[in-house]
Amino acid sequence: MLLIVCSLIVYIALPSIFVTEQGQAKFHPQRVAFGNRVRELREAGGLSQEQLADLAGIHRTYMSSVERGQRNLGIDNILAIAKALGVSPARLFEQS
């Protein structure tokens with residue numbers, strides 16, 4: 001007789017947060033800075049998050065999490081966001 005036991009493990013990932021040795025949550029400052037820069041350029045261009053997401057071919061909730069600094073973006077998404085904003089990718093990394 002063979003008994004197979006399955007268990008469901010739920011894992012919630014918070015990619016922009018890490019926990020210090022003291023147990024305090026910290027945000028990845030570079031992701032937050034990148035997200036702030038995207039928001040700044042989007043607002044300067046008069047775009048909503050949804051409009052920018054559509055132009056970049058990215059889901060609107062993903063764009064929201066980018067601006068909040070919760071995403072570790074890949075190069076494809078960085079390039080898509082820069083193109084949608086009409087700026088060079090390097091401008092996304094400039095400090096305001």
Side-chain angles (χ1 to χ4, degrees):
M1 179 175 177
L2 177 65
L3 177 64
I4 300 174
V5 178
C6 296
S7 66
L8 177 63
I9 299 173
V10 178
Y11 176 72
I12 299 174
L14 298 174
S16 67
I17 299 174
F18 60 93
V19 179
T20 66
E21 289 181 17
Q22 294 80 20
Q24 297 174 333
K26 295 269 188 173
F27 288 90
H28 288 280
Q30 61 274 30
R31 293 182 192 172
V32 173
F34 182 88
N36 289 338
R37 182 66 174 151
V38 170
R39 179 181 297 113
E40 180 183 286
L41 292 168
R42 174 182 60 78
E43 289 174 348
L47 296 171
S48 69
Q49 276 185 349
E50 188 169 6
Q51 289 170 324
L52 177 56
D54 286 343
L55 289 171
I58 295 172
H59 195 273
R60 62 179 175 74
T61 58
Y62 184 88
M63 185 60 66
S64 174
S65 63
V66 166
E67 288 190 6
R68 290 192 315 270
Q70 295 180 329
R71 294 288 178 168
N72 185 12
L73 283 78
I75 189 69
D76 291 340
N77 287 334
I78 292 170
L79 294 173
I81 292 169
K83 183 177 180 181
L85 288 169
V87 300
S88 70
R91 291 245 358 244
L92 297 177
F93 294 94
E94 293 174 355
Q95 294 185 4
S96 54

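Source: prediction; values computed, not measured. Heavy-atom basis, side chains included; hydrogens, waters and symmetry copies ignored.
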Query raised in the report: Any side-chain heavy atom of L52 sitting closer than 4.5 Å to one from V38?
Result: yes
Between atom [atom1] of [X] and atom [atom2] of [Y], what is the distance when rounded to the nearest 0.5 Å?
| X | Y | atom1 | atom2 | answer |
| --- | --- | --- | --- | --- |
| H28 | N72 | NE2 | CG | 8.0 Å |
| K83 | I81 | NZ | CD1 | 13.5 Å |
| R60 | S65 | CZ | OG | 11.5 Å |
| E40 | Q95 | CD | CD | 10.5 Å |

**Report entry** Co-members of the apolar cluster containing L79 [side chain, <4.5 Å]
**Finding:** I75
Query - Pairing residues for E67 by the side chain to side chain donor-acceptor pair (under 3.5 Å) criterion, not counting sequence neighbours - result: R39, R42, Q49
Query raised in the report: Who passes ring pair (Phe, Tyr, Trp, His ring centres under 6.0 Å) against F93, sequence neighbours left out?
Result: F34
Query raised in the report: How would you list, by chain and number, every residue that makes a side-chain contact (heavy atoms from CB on, under 4.5 Å) with L41, sequence neighbours excluded?
Result: R37, L85, V87, R91, L92
Report task. Report the residues that fulfil side-chain contact (heavy atoms from CB on, under 4.5 Å) with D54, sequence neighbours left out, ordered by chain and then residue number. Result -> E50
Report task. Report yes or no: do I78 and L55 belong to one cluster of Ile/Leu/Val/Met/Phe/Trp/Tyr joined by side chain heavy-atom distances under 4.5 Å? Result -> yes
Requested in this report: Only pairs at least two apart or in different chains count here, so list each ring pair (Phe, Tyr, Trp, His ring centres under 6.0 Å) that has a residue in residues 36-77.
Outcome: none
**Report entry** Residue pair I58, V66: steps toward the side-chain contact (heavy atoms from CB on, under 4.5 Å) verdict
**Finding:** CA-CA 11 Å; I58 295 172; V66 166; 6.0 Å; no
Report summary line: Nearest heavy-atom approach of A56 to A84 is N-CB, 3.7 Å
